[in-house]
Protein chains: 2
Amino acid sequence: MNQPKRYLDIVLDIRKMISQENIRPGDRIPSERELAETLKVGRSTIREALRSLELLGLIETRRGEGTFLSDYRNHRLVEVLSTFILQDNQSQKDVWETRLIHEISAIRTICGDANSSRLPVWTGFSKRIDEGDFFSREDFVREIMVLSGNRLSLKIWLLLAQYSGNPYKERIIIEETAMLENILAAIRQQDTEKATEGLKTWIAWLQKETGKDDDDS
Amino acid sequence: MNQPKRYLDIVLDIRKMISQENIRPGDRIPSERELAETLKVGRSTIREALRSLELLGLIETRRGEGTFLSDYRNHRLVEVLSTFILQDNQSQKDVWETRLIHEISAIRTICGDANSSRLPVWTGFSKRIDEGDFFSREDFVREIMVLSGNRLSLKIWLLLAQYSGNPYKERIIIEETAMLENILAAIRQQDTEKATEGLKTWIAWLQKETGKDDDDS
DNA sequence: GGAATATGAGTGGTCAGACCACTTTCAAAA
DNA sequence: TTTTGAAAGTGGTCTGACCACTCATATTCC
């Protein structure tokens, strides 16, 4: 093993600094020159660390203004990684499969909790469907993930959603509204099996529809 | 927006070069100085691009040797992001819960697959228990995760296991062998419900047993 | 001749300093 | 008061210089 890479330490140092100073998404982090002096390394080393974090979408830099902690949602990462990684079918499949793991678990949690399965959000979705307000597929599932109450699972899901390609981000179409209504109804009835089956059916349909077909699971 | 970032172009340039030159995982890519001259940018800009790709696990650099395209199945993505994501919710509960999500899903996969539920590994574990060869709890579950076949899920699980504290890493004790045998039997019989319930019971016991002590660095 | 050793070229790792382009601020000028 | 513009601070880039390390080669030693 060589010497450990400096810039990797820097990444961790910055992360520590963020939590110590209680820097929140959107806040500014110290300038490159400032960090260099504080951490006693050259500015170029700082930059290598920052550029890495930027590519991951964890920070955002604006010339003349500074560097900001970003919301973990806007990953330029997606474009880059998708050209490298997601060409591999297995990886692509793993992403969808893993995402589904979290989604099903969330549904199970919600169905097992009388409170959350009776929240007005469910009728809200039905209403929007009826009114032709076609939200995106991701929006729909995100609501489920949020309501499950496991924030870590939610964060992982958010990442996986970023990797899930366009179809997941697009608006629902008329053909699938019945499937969604089915899921919603099952949740309202706290019918775990029906809800999870409904979700699986929908996702399977979606995968088949968008042409990236693979074996069913 | 500002001028597009140079280093981002470089990332794409390198990507293009890799496919044009037909560079395969494990192969060496041109040196930093070479790239700088070819692409007509400073070496520091090249380095910012390379460092980003390295943090993603897409390339691997060895001082004195060069930079190599790595097998991008092993993306370090999860690990890096985790240090940021786990920052605000240190909640041990979320970690255990999320880990359990992946474990249960893996068990479901295995039980649904006749081949993997008949693998000799299961009798192997029983034998080791009988012989008093007490493996660690993590070892036991890892085998399940590996056999599920979802590498991304495995990757996430490995990470979560790392955050799961000492009890998860320690060897099993005599009191829990019955629970493990129970799980193994259920898997052999492809009894999904019994297996998942067995796992949940075991984990609940473990959490209760160890009270709670954790340790992160 | 063969084996140990020294050398040098090439590579990534780091640093310091210099510009540039850009944004914000605020004091001076209108 | 409004407008203007200079200054300070920021990220973006380049250059050149070392350092630490690897590897192939040449050299020396036995």
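Chain naming here is simple, since letters A, B, ... match the order of the sequence lines and numbering starts at 1 in each.
- The CZ atom of R51(B) sits 18 Å away from the C1' atom of dG12(D) (whole-angstrom rounding).
- Candidate nucleotides dG13(C), dT10(D), dT24(C) were compared by shortest atom distance to the side chain of E65(A), and dT24(C) ranks first.
- Close to dG12(D), at under 4.0 Å from its OP1 or OP2, lies a side-chain N or O of T61(A).
- Distance, F68(A) CZ to dT23(C) P: 12 Å, rounded to whole Å.
- Across dG11(D), dC14(D), dC15(C), the shortest atom-to-atom separation from the side chain of T45(A) is found for dC15(C).
- Atom P of nucleotide dT11(C) and atom CG of L50(B) are separated by 13 Å, given to the nearest angstrom.
- A perpendicular orientation is assigned to the rings of H102(B) and H102(A), their planes being inclined by more than 60° (bins at 30° and 60°).
- Ionic pairing of D139(A) and R142(A) is present here: one or more N-O contacts between side-chain nitrogen and carboxylate oxygen are shorter than 4.0 angstrom.
- As rounded to whole Å, 9 Å separates atom P of dC23(D) from atom CZ of R62(B).
- At most 12 heavy atoms of other shown residues, nucleotides or ligands fall within 6.0 angstrom of atom CZ in R118(B).
- Listed nucleotides: dG11(D), dG12(C), dT11(C). Nearest to the side chain of R28(B): dT11(C).
- The distance between atom CD of E32(B) and atom P of dA9(C), rounded to the nearest whole Å, is 20 Å.
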What protein N or O atoms touch nucleotides 15-18 of chain D N or O atoms at under 3.5 angstrom, if any, and at what distances?
from	atom 1	to	atom 2	distance (Å)
dA17(D)	N6	R43(B)	NH1	3.4

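- Between E54(B) and R51(B) a salt bridge is recorded (basic side-chain N to carboxylate O distance below 4.0 Å).
- Using cut-offs of 30° and 60° for the angle between ring planes, the F140(B) and F135(B) rings count as parallel.
- Residues meeting the salt bridge (Lys or Arg N to Asp or Glu O under 4.0 Å) test with D133(B), sequence neighbours left out: R128(B).
- Taking a 6.0 Å sphere around CD of E37(B), one finds it holds 12 or fewer heavy atoms contributed by other residues, nucleotides or ligands.
- Residue R47(B) places no side-chain N or O under 4.0 Å from the OP1 or OP2 atom of dG12(C).
- Here the C1' atom of nucleotide dC14(D) and the CD atom of E37(B) are 14 Å apart, to the nearest Å.
- At whole-Å resolution of the value, CD1 in I10(B) and C1' in dC14(D) are 13 Å apart.
- Rounding to whole angstrom units, CD of residue E54(B) and C1' of dT11(C) are separated by 14 Å.
- Summary of the strand contacts: E48(B) and E34(A) both lie near DNA chain D, and taking for each the nucleotide with the nearest heavy atom, the more 5' one is attributed to E34(A).
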